[in-house]
Amino acid sequence: MADESDPTTADVLVVGSGVAGCAAALGAARAGKDVLVATKAERPKDATSWWAQGGVAVSRSDAEGFKQDIIAASDDTADPDAVDVLVENANEAVRDVLIETLDVPFDTTGDDPDAFDYGREAAHGERRILHVNASTGRHVLGPFLSHLDDHPNVTLREDTAALDLLTREGRVHGALCEHDGDCEPIYAGSTVLATGGIGALYGRSTNPSGATGDGIAMGALAGADVADMEYVQFHPTVYAGDEPFLLSEALRGEGAVLRNADGGRFMPEHHPDAELAPRDVVARAVAAERERTGEVLLDVSPLDFETEFPDLAANCDERDVDYRTGIPVAPAEHFLCGGITVDSRGRTSLDRLFAVGECSRTGIHGANRLASTSLLEGLVWGLRAGRTAAASGTDPEIVDAPDLRDSDPALPAAFAAEKFTRLREVIDEFVGLSRTPDGLRRASAAIRRLKGEVDAYVRTRTSRELYELRAATVTALLIVRAARENTDSRGCHHLVDTADEPEVHAD
Ligand SMILES: Cc1cc2nc3c(=O)[nH]c(=O)nc-3n(C[C@H](O)[C@H](O)[C@H](O)COP(=O)(O)OP(=O)(O)OC[C@H]3O[C@@H](n4cnc5c(N)ncnc54)[C@H](O)[C@@H]3O)c2cc1C
């Protein structure tokens, strides 16, 4: 066991406190290990998990149907073995953790607490989604964090960012962490990355602003394998005005339809399942219709919107959007299907390093994720990785921490913000819903230049915002590299012909 009197050591260090990190911490804590959760979140809502709307898919009695839906949504690119792991463990993980341990108040059809009101979403062949209104995430993450806060084996450190992994000879020994400007190494027998997604790389995203790809970059810089980075999923129905918010797939699952500026439905021309087609298909169709007619509206008149989706109706009211006449929508970055390559227990290619949740690549999403499978993936892989990390059973080993450079006062105040803006411009222009080989080449050149500038400052300076920027540029390069290497247009990686592309300007 770790020395409990030493706050800089733990048996298992979990980086991130979304659903995946919480599940990993629970798995390891239940195995009797001391777990330290370091999270840069200051509030639960800083994790994407908090924002999840539609819910958590389970297999009910039709496991085969669930597997087929996941594989079909992925355009036949999901790893069938990984899909088996997800689906075969879904019911038990949800029952054990969400229902019996956390008592999540999933919606029911009547007074019987076990008569769940299973929802349906796009590309799901049956009603199999447990939900709490359309704000499931906060009803899962809130109780999860409280449970861990009370757990005798778990220490939660908020507002604490991991900047780099501590490695020696291919083995990971913890992470260098920053809190309130101070940096210290946290040594651990096993380290679990659970840092979430990459939304901050895009101008329009559904993710919270801290989704800067930190875990993926830290893992890749330490030498861990990554895969499927080109598969960046855009959600088709995100409010198109200021303060964008997601309009859950459950709306279309319950009958909402998409109309262009002329009032016409267009999805039936794009896919036999119309509005219930896989996300990548709907997202591209929405973008094309917006381009062609100027606007796309989500028509919620077939539903009792206010009663069935009170949280979303409230979001509309706050923005003075009259949902009775349709809600203007446009695609926005939503989810990364790829990430750090892991096996069925969350093990990466580096010894003692695990990755779970959105920063990992388990293989279940392939080129495109099926709705409401991400919370479940985080839960199932989190528990498995936590248990495996606990069983790895080594004491934390103290290795040399990096020599920190914080003496150079020359980092201009606006440097990180300005470079982030520049990165988003490049990514939005060339690495969006559709890509061209030439655009990707330009993006690669521009991001490489940017990374050179950032690296120069990282050599002389240590700050959270600088390391987030470094993570974002490293992650952006991984996405662009994967997109350039993959000439097969599948799922979220959609290649179109090169034509009259504007020059990208170096600043
Ligand atoms: C609006 C919205 C709706 C969604 N709806 C659904 C849904 O209905 N069903 C579903 O299955 N999925 C849904 N998703 C996707 C799903 O919510 C996420 O993919 C999932 O919650 C990711 O969980 P995670 O634990 O991997 O990451 P997160 O929940 O994002 O947690 C990452 C954590 O890591 C921390 N962190 C990041 N970097 C560092 C660092 N360097 N050091 C320390 N801590 C760090 C963050 O602060 C955060 O606490 C939705 C996503 C969005 C944005």
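Note that ligands are numbered from 1 as they come in the structure, with each ligand's atoms numbered from 1 the same way.
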Closest protein heavy atom to [atom], given as residue, atom name and distance to 0.1 Å:
{"atom": "atom 48 (C) of ligand 1", "answer": "A47 CB, 3.7 Å"}
{"atom": "atom 41 (N) of ligand 1", "answer": "D214 OD2, 2.7 Å"}
{"atom": "atom 36 (N) of ligand 1", "answer": "K40 CG, 3.8 Å"}
{"atom": "atom 37 (C) of ligand 1", "answer": "T195 O, 3.3 Å"}
{"atom": "atom 52 (C) of ligand 1", "answer": "H334 CE1, 3.3 Å"}
{"atom": "atom 22 (C) of ligand 1", "answer": "E358 OE1, 3.8 Å"}
{"atom": "atom 47 (O) of ligand 1", "answer": "A41 N, 3.3 Å"}
{"atom": "atom 4 (C) of ligand 1", "answer": "A52 CA, 3.3 Å"}

For ligand 1, which atoms, with element, lie under 4.0 Å from some heavy atom of [X]?
{"X": "S374", "value": "10 (C), 11 (O), 12 (N), 15 (C), 16 (C), 18 (C), 19 (O), 20 (C)"}
{"X": "T39", "value": "35 (C), 43 (C), 44 (N), 47 (O), 49 (O)"}
{"X": "T373", "value": "11 (O)"}
{"X": "S372", "value": "8 (O), 9 (N), 10 (C), 11 (O)"}
{"X": "G196", "value": "26 (O), 27 (O), 30 (O), 32 (C)"}
{"X": "Q53", "value": "3 (C), 4 (C), 5 (N), 6 (C), 7 (C), 8 (O)"}
{"X": "A161", "value": "42 (N), 43 (C)"}
{"X": "A20", "value": "25 (O), 26 (O)"}

Using a strict 4.0 Å threshold on nitrogen-to-oxygen distance, state whether [X] and [Y] make a salt bridge.
{"X": "E121", "Y": "R369", "result": "no"}
{"X": "R459", "Y": "D455", "result": "no"}
{"X": "D164", "Y": "R470", "result": "yes"}
{"X": "D117", "Y": "R127", "result": "no"}

Can you confirm whether [X] sits close enough to [Y] that some side-chain heavy atom of one is under 4.5 Å from a side-chain heavy atom of the other?
{"X": "H131", "Y": "F116", "result": "no"}
{"X": "N89", "Y": "R384", "result": "yes"}
{"X": "C359", "Y": "L193", "result": "yes"}
{"X": "R252", "Y": "L258", "result": "yes"}
{"X": "V356", "Y": "V342", "result": "no"}
{"X": "P244", "Y": "R204", "result": "yes"}
{"X": "P331", "Y": "L433", "result": "yes"}

Does at least one non-hydrogen atom of [X] fall below 4.0 angstrom from an atom of ligand 1?
{"X": "R369", "result": "yes"}
{"X": "T160", "result": "yes"}
{"X": "S17", "result": "yes"}
{"X": "G55", "result": "yes"}
{"X": "T136", "result": "no"}

Is it the side chain (CB and beyond), the backbone, both or neither of [X] that lies under 4.0 Å from ligand 1, heavy atoms counted?
{"X": "V56", "value": "neither"}
{"X": "L246", "value": "side chain"}
{"X": "F335", "value": "side chain"}
{"X": "T212", "value": "neither"}
{"X": "A38", "value": "backbone"}

Ring centres under 6.0 Å, that's the criterion: do Y202 and F234 meet it? yes
Would you please indicate yes or no on a ring centroid separation below 6.0 angstrom for F335 and H235? no
Which option out of [options] puts a heavy atom nearest to [atom]?
{"atom": "atom 32 (C) of ligand 1", "options": "G16, G378, A194", "value": "A194"}
{"atom": "atom 23 (O) of ligand 1", "options": "G357, G18, S49", "value": "S49"}
{"atom": "atom 11 (O) of ligand 1", "options": "V14, L375, I129", "value": "L375"}

Sub-3.5 Å N/O-N/O distance, [X] and ligand 1:
{"X": "V19", "value": "yes"}
{"X": "A162", "value": "yes"}
{"X": "N207", "value": "no"}
{"X": "G54", "value": "yes"}

If we check side-chain contact (heavy atoms from CB on, under 4.5 Å) with F144, which of these qualifies: L379, T101, V104? L379
Has E306 got more than 12 heavy atoms of other residues, nucleotides or ligands less than 6.0 Å from its CD? no
